[in-house]
Amino acid sequence: MTSLHPRLRAVLDDVPSYVPGRPPQVLEGVTPYKLASNENPYPPLPSVLEVIGRAAASANRYPDMLSSELTAAIARHDGVPQEHVVAGPGSVGVLGQVLTAAAGDGDEVVHAWRSFEAYPIVVRLSGARSVPVPLLPDGRHDLPAMAAAVTERTRLVLVCSPNNPTGPTVTAAEMDDFLTAVPADVLVVLDEAYREFVRPAADAPDAVALHLAHPNLVVLRTFSKAYGLAGLRVGYGLAHPAVADALRKTAIPFGVSTLAQAAAVASLDAEEELLERVGAIVTERERVVAALAAQGWEVPATEANFVWMPVGERAGELAEACGAVGLSVRAFAGDGVRVSIGEPEADDRFLEVAAAFPRG
């Protein structure tokens, strides 16, 4: 008998939908703030907006499919050969290309959990199977356990540093040991979406140096967070030539718009001014963390533009308490709540909610 519905891939039956950060509810007389998506509270710089406006005039033409000007600028910025740079629609878009190139039915992908919510989704869509490895109690990756989880079926290991949603980084020594332990034919992806917010005391790895030394290491970076271009969808990967060529084959044609390419190049040109904004966000993050500590909260040592509230089964309650005062935050059922660092007024309001929220 003919089915009444089109036949779709069976793998979709157990693939969860990605849940974006929701906008805050509008309350009369209250300024709403969205602290749910780790967005940069600052708009693009005026000089970048001017470049975007000029680029919009050619929106009737397809973009440069290889993002040549952008990849050349990234290569100069990061100190790598241009052929190592692959641009894509956000770092998660490049991750999709990596999975398409490296993993398929019957393969395994190891990643920490809880980590970036998109990981198990894109892994399952590739046909591979997620192998989640629990975080340590302090919200950090357990890299020895992740290395031990690698089997002959493993094609990829994902390391998120700083980790989304908990905030800590892996250390340089931990990453060195990990890359020594993982077989050379297994790709390791170091996702550095929040790298600009990391401070030296965190002892984070030098990802570019590690990439140049390890042909199986792919580094993901993005212009969405520190550079404030989340709405334009542009990121990139650093990969050795054989892997980079594979990523170009698996890319969506013309996936990075002309506006995104131009804005990213202009942002790199204005990096000194942009990093002043990043410094202000880090200062605000440290203020929020110190205030939470003074209230008696124990939160992980975040190096990103967010803080993690490990409230477990009460995540929904904390999110509702924030919503009641015009704040949207990101609740992860059963684990905790991630709160982006935003405008000082928004952060003050969140701290008031945190102070009143029962610890039990």
Side-chain angles (χ1 to χ4, degrees), residues 16 18-19 21 36-38 91-92 95 108-124 128-151 154 156-179 181-182 186 188-195 197-199 201-205 207 219-220 225 285 288-289 292-293 297-316 318-319 329-341 359:
Y18 183 82
V19 179
S37 297
N38 298 342
S91 54
V92 71
L95 175 59
E108 295 177 348
V109 177
V110 175
H111 59 83
W113 196 252
R114 182 172 287 273
S115 194
F116 183 30
E117 189 179 8
Y119 290 164
I121 296 173
V122 293
V123 169
R124 289 298 294 129
R129 185 176 73 88
S130 281
V131 180
V133 176
L135 294 170
L136 294 167
D138 59 0
R140 301 177 65 250
H141 279 53
D142 187 345
L143 288 182
M146 291 174 67
V150 173
T151 71
T154 306
L156 201 66
V157 183
L158 307 178
V159 178
C160 187
S161 181
N163 185 52
N164 177 15
T166 56
T169 63
V170 299
T171 68
E174 288 171 338
M175 200 66 194
D176 283 340
D177 292 344
F178 182 71
L179 287 168
V182 173
V186 173
V188 175
V189 173
L190 179 57
D191 186 346
E192 289 197 315
Y194 300 92
R195 63 176 290 272
F197 302 101
V198 177
R199 289 302 171 256
D203 190 27
V219 177
L220 299 183
K225 310 301 182 186
R285 176 189 77 198
V288 170
V289 170
L292 289 170
W297 290 100
E298 294 184 9
V299 300
T302 178
E303 290 290 331
N305 66 338
F306 54 82
V307 294
W308 174 247
M309 304 292 287
V311 292
E313 297 296 335
R314 306 186 67 202
L318 179 55
V329 296
R330 185 72 172 84
F332 296 87
D335 285 334
V337 173
R338 188 192 66 200
V339 184
S340 307
I341 300 299
R359 306 292 190 277

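Residues: numbered from 1 along the sequence shown.
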> Answer whether the closest heavy-atom distance between the side chains of Leu220 and Glu192 falls below 4.5 Å.
no
> Tell me, do Leu158 and Val110 make a side-chain contact under 4.5 Å, heavy atoms counted?
no
> If you take all heavy atoms of Ala181 and Ala147, which pair is closest and at what distance?
CB-CB, 4.0 Å
> Would you please say whether a donor-acceptor pair under 3.5 Å links the side chains of Asn38 and Arg338?
yes
> Report yes if some heavy atom in the side chain of Val307 is under 4.5 Å from a heavy atom in the side chain of Leu292; otherwise report no.
yes
> Taking Ala304's backbone N and O only, do any of them form a donor-acceptor pair with Arg285's side chain (distance below 3.5 Å, no angle check)?
yes
> Quick one, Pro300 and Asp138 - any side-chain contact, counting heavy atoms below 4.5 Å?
no
> Given side chains that start at C-beta, do those of Pro120 and His111 come closer than 4.5 Å, heavy atoms only?
yes
> For Val329 and Leu318: C-alpha separation, side-chain torsions, deciding distance, then whether side chain to side chain contact (heavy atoms under 4.5 Å, CB included) applies.
CA-CA 9 Å; Val329 296; Leu318 179 55; 5.7 Å; no
> Is the backbone N or O of Phe116 less than 3.5 Å from a side-chain atom of Asn164, with the two atoms forming a donor-acceptor pair by type?
no
> If you compare all heavy atoms of Ser91 against all heavy atoms of Ala193, which two are closest, and at what distance to 0.1 Å?
OG-CB, 4.4 Å
> For the pair Thr166 and Arg114, evaluate side chain to side chain contact (heavy atoms under 4.5 Å, CB included) and give the outcome as yes or no after the intermediate values.
CA-CA 8 Å; Thr166 56; Arg114 182 172 287 273; 5.7 Å; no
> Taking atom types as modelled and ignoring hydrogens, do the side chains of Ser115 and Asn163 form a donor-acceptor contact shorter than 3.5 angstrom?
yes
> Quick one: do Val109 and Val131 satisfy side chain to side chain contact (heavy atoms under 4.5 Å, CB included)? Show the steps, please.
CA-CA 6 Å; Val109 177; Val131 180; over 6 Å; no
> Output the distance between atom CG (Leu179) and atom CE (Met175), rounded to the nearest 0.5 Å.
4.5 Å
> Less than 3.5 Å apart, any donor N or O on the side chain of His141 or Ser161 sitting next to an acceptor on the other?
no
> Give the ring-plane orientation class for Phe197 versus Tyr194, where under 30° counts as parallel, over 60° as perpendicular and anything between as tilted.
tilted
> Answer whether the closest heavy-atom distance between the side chains of Val186 and Val157 falls below 4.5 Å.
yes
> Tell me, with the steps shown, if Met146 and Phe178 meet side chain to side chain contact (heavy atoms under 4.5 Å, CB included).
CA-CA 9 Å; Met146 291 174 67; Phe178 182 71; 4.0 Å; yes
> Taking all heavy atoms of Thr169 and all of Pro162, pick out the closest pair and write down the distance.
CG2-CG, 3.8 Å
> Any luck finding a side-chain donor-acceptor pair between Asp191 and Tyr119 under 3.5 Å?
yes
> Are any non-hydrogen side-chain atoms of Val288 and Phe306 less than 4.5 angstrom apart?
no
> To check you understand the geometry: which heavy-atom pair defines the closest contact between Thr154 and Thr151, and what is its length?
OG1-N, 2.8 Å
> Any donor-acceptor pair under 3.5 Å linking the side chain of Arg330 with the backbone of Val19?
yes
> Are Leu135 and Asp142 close enough that some pair of their side-chain heavy atoms sits under 4.5 Å apart?
no
> Supply the atom-to-atom distance Thr171 OG1 to Arg140 CZ, rounded to the nearest 0.5 angstrom.
6.0 Å
> How would you list, by chain and number, every residue that makes a salt bridge (Lys or Arg N to Asp or Glu O under 4.0 Å) with Arg199, sequence neighbours excluded?
none
